[in-house]
Amino acid sequence: MKLVTGNAPHLRSNDTTAKVMLDVIIALIPALIGSWYFFGFYAFFLAIFGAVVGELFELFIMKVLRNDKNFTPNGSAAVTGILLAMNVSPATPWWVFLIGLIFALGVAKHAFGGLGMNIFNPALAGRAFLLVSFPVYMTTWYKPALSFSKWVDAQTTATPLAILKESGNIDVSYWDLFIGNRAGSIGETSVLLLLVGFLYLVIRKRIKIMIPISYIGTVFVMSAIFYLVNPSFGTPLFHILSGGLMLGALFMATDMVTSPMTIKGQFVFGLGAGIMTMLIRYFAGYPEGVSLSILLMNSLVPLIDRHFQPRIFGEVKS
Amino acid sequence: MKLSTFLGGVHPPENKSLSKDIPIKKAPLPEKVVVFMQQHAGAPAKPIVQEGDKVKTGQIIGEPTGFVSAYVHSPVTGTVIAVKKLSNVIFGKAVEAVEIQRDSDDMWELLPHGDYTKFSREELLDIIQKAGIVGLGGAMFPTHIKLNPPKDKKIDTLIINGAECEPYLTIDHRMMLEKYEEILLGIEIVKKILNVEKVYIGIENNKLDAIKLLEEKWKGKVEVVPLKTKYPQGAEKQLIYAITNRKVPRGGLPMDVGVVVQNVSTMFAIKEAVIDGKPLVERGLTLTGEAINNPGNWWVRIGTPISWIINNLGNGFKTGVEEVKVLMGGPMMGIPVNNLDTPILKGNNGITSIFPVKQQSTFCIRCSYCVNVCPMGLQPYLLDLLGKKKKYDDAVAIGLMDCIECGSCTYICPAKIEHVKTIKLAKKVYRALRGGKK
């Protein structure tokens, strides 16, 4: 019989990184099935393709390029693959998507040191890369197909945010925005299904919950003020339900690696992302600004973490 | 039931059912004991016996060597067979130890004792010091010092720690159920020493029977405060906050907020010393864990080797056990022994034998769980990072020395990072670099 030593604590939770990632994937499933219904099976396929290729590519990077013999897949690359698919237009060809995925994992994640070391959300970095490299594919939008039996339904249209920006009108009902019956990126349209997944993460305590609260709250307050000044800016409810805000606030900004560690920091992170999103929507060339705002705030996380530290027990207020 | 608690903390599996319903039994006397001269925080005691000396149970064999130090007594009646340095896993260094072969049944050498109301405060403190009593919850701080705070610290509250938040351990629970009369006498003695009126006992609500019993038996004398079952509820600062809503300032002590905290077993030891004249030579402990045959709660002599306890009281390890981790204490803060002949110390509230689990540390995914659970409001992920990079001054600036080493961060970490290991090492190195200065 062997006497084993080691360091306290000798009890460890049975939680693992892989379980965290699995929960995120489970939370994304409702929205993915929704994307199949709204944009055809190709949209769903792209997410599965992203998950599988992402994991294989990461395995290659870790085992071959980084020569890490102990590496065991943890599912984080699959999450990146799925999220990248959800953030691109259903008009994106698979090879364009693949280039984006390789950039996301190879450059945005592993060039920075891999899991936990990356400054920018890999999926959003991949999306930004595609947006500047393949602007046509990335800004071509399809009408919802509303069928599980189609591969893809290539009737082009504009997104509600683009229509608002050009004409100052809103041509879609709040209900359609809520359930996802509108043009947009693969996984962003159905607020309802994204909320279902979000609720799962909240129950499983897998999410920095302050970020979506402050992000969406900021968008609401800011758009309410602008709406009162000039109604052609769009109603607060429209701004919350349209574009990539829900996907961004619930699943992209809350990416653990690239968001702040403290509640106060998470509040500031959401606040900054909310303000940037609305400034881009109102005044910049792009109709939508969620992904760029989050990337900008990602770059500020080290500063936010440094400034907003928790109060140590017994520290006197100063 | 209204439950008091603190911010943060974790819920590890309790596993107390292995031993919580088993009454405390008196163990037979061991043939041989090994008594360390350091069984307390502070300076080690100096042995005053030599090889060949005959000693009685309760006879002083080690004298204190500094202000923070304590007396050490012989736990059996017998002959000293060796005085030598042995490694001590709890203090992490070699310490002098006295080996005693038992010759006969107990012949006690008792302290002056009797009706505590007839003793003065100074006489009571003297008895407690001469009895070698230290904090029996695990910290082993000499009790006579803790009960004698500087004059400028006004103490108005005594808190008895019955939280027993450490998983597996049940000895405090059993003590409260079985020895509540003796513990109450100990509390009365301490009340007299501290001159306080307000006494609380904090008990986690996984010990409802103890809460009910003490509410009935101690009515009007001690206020029973049910606590939320959460680790580390029994940590001193967290317990004080849960019960009194007072926060011990950073770097401060409980007396800075007018509180003294004492463990239930320490109260029992004080009663034994003052009323029966018995120095601290035996204590209750929980013998538990999945790897042994018969878990239970035992009354054992200090200095008894763990191997003797496991074989004679626990009926040995289960057959087929190939690897085992034997801990002095519970699984969250306990220290694994590297030699089963290690004797138990005054602060040993349990011997826990568990199956080791191997887990590979991976990359921090910044989930912030460690920040959320830290009962001290620290950032364990950052302390770990700074500790590994040897940036000790930066680590101290964000609270390295405030860490109570409870292990909540390491318990909860999905990436299996060993924050506490890094933090303990960083503290040690920092103290060494600063030449022992605080």
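Each chain gets a letter, A, B and so on, in the order its sequence line appears, and its residues count up from 1.
With a threshold of 4.5 angstrom between heavy atoms, A:Lys19 does not approach chain B through any atom at all. In this structure, chain B has a heavy atom under 4.5 Å from the backbone of A:Asn14, while its side chain stays farther away. Of the atoms belonging to B:Pro356, it is side-chain heavy atoms, and not backbone ones, that fall under 4.5 Å from chain A. For B:Glu418, the part lying near chain A is the side chain, with the backbone staying farther off; criterion is any non-hydrogen pair under 4.5 Å. Proximity to chain A is absent for every atom of B:Phe6, based on heavy atoms less than 4.5 angstrom apart. For A:Val20, the part sitting under 4.5 Å from any heavy atom of chain B is the side chain, from C-beta outward, and nothing else. For chain A, the nearby parts of B:Lys237 are the backbone and the side chain; heavy atoms of each come within less than 4.5 Å. Heavy-atom distances place the side chain of B:Thr362, and not its backbone, under 4.5 Å from chain A. Neither the backbone nor the side chain of A:Ser76 comes within less than 4.5 Å of any heavy atom of chain B. Heavy atoms of B:Val324 lying under 4.5 Å from chain A belong to its backbone as well as its side chain.
The distance from the OG1 atom of B:Thr319 to the CE atom of A:Met1 is 12.5 Å, given to the nearest 0.5 Å. Summarising the geometry, atom CD belonging to B:Gln379 is positioned 7.0 Å from atom CG belonging to A:Asp305; distances are rounded to the nearest 0.5 Å. For the atom pair B:Ile335 CD1 and A:Thr5 OG1, the distance stands at 11.5 Å (nearest 0.5 Å). The line from SG of B:Cys374 to CD1 of A:Ile312 is 9.0 Å long, rounded to the nearest 0.5 Å. Atom OG1 in B:Thr342 sits 8.5 Å away from atom CG in A:Leu3 (nearest 0.5 Å). To the nearest 0.5 Å, atoms CE (A:Met117) and CZ (B:Phe363) are separated by 9.5 Å.
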Please walk me through it: do B:Ile365 and A:Leu115 pass side-chain contact (heavy atoms from CB on, under 4.5 Å)? CA-CA 7 Å; B:Ile365 56 168; A:Leu115 182 60; 3.6 Å; yes

Decide yes or no on side-chain contact (heavy atoms from CB on, under 4.5 Å) for A:His10 and B:Leu327, but give the supporting numbers first. CA-CA 9 Å; A:His10 307 279; B:Leu327 306 167; 3.3 Å; yes

Show your reasoning for whether side-chain contact (heavy atoms from CB on, under 4.5 Å) applies to A:Glu315 and B:Met376. CA-CA 10 Å; A:Glu315 200 168 23; B:Met376 293 305 290; over 6 Å; no

Could you walk me through whether B:Ser368 and A:Gln266 satisfy the side-chain contact (heavy atoms from CB on, under 4.5 Å) test, starting with their C-alpha distance in whole Å, then the side-chain angles of each, then the deciding distance to 0.1 Å, before giving a yes or no? CA-CA 11 Å; B:Ser368 80; A:Gln266 289 157 18; 4.2 Å; yes

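Environment of NZ in B:Lys153: crowded, with over 12 heavy atoms of neighbouring residues, nucleotides or ligands closer than 6.0 Å. Within a 6.0 Å radius of NZ in A:Lys63, other residues, nucleotides and ligands contribute more than 12 heavy atoms. Within 6.0 Å of CZ on A:Arg66 lie more than 12 heavy atoms contributed by other residues, nucleotides or ligands. Other residues, nucleotides and ligands place no more than 12 heavy atoms under 6.0 Å from the CG atom of B:Leu7.
A 4.5 Å side-chain heavy-atom check between B:Met332 and A:Leu11 finds at least one atom pair inside the cut-off.
Smallest separation of non-hydrogen atoms from A:Gly314 and B:Lys247: N-CD, 4.1 Å. Residues B:Gly334 and A:Ala8 share a closest heavy-atom pair of O-CB, 3.8 Å. Annotation for A:Val4 and B:Lys325: closest pair O-CG, 3.2 Å, computed over non-hydrogen atoms. Nearest heavy atoms, A:Phe313 versus B:Pro375: CD1-O, 3.8 Å. Pairing each heavy atom of B:Val371 with each of A:Met261, the nearest pair is CG1-O, 3.9 Å. Considering every non-hydrogen atom in both A:Ser13 and B:Lys416, the closest pair reads O-NZ, 2.6 Å.
Residues of residues 394-407 of chain B lying under 4.5 angstrom from chain A, judged on non-hydrogen atoms, are B:Ile398, B:Gly399, B:Asp402, B:Gly407 by number.
The residue among B:Pro336, B:Ala415, B:Cys367 with the most heavy atom pairs within less than 4.5 Å of chain A is B:Pro336. The residue among A:Ala18, A:Gly113, A:Gly6 with the most heavy atom pairs within less than 4.5 Å of chain B is A:Gly6.
Here A:Asp255 does not pair with B:Arg366 in a salt bridge; the nearest charged N to carboxylate O distance is not below 4.0 Å.
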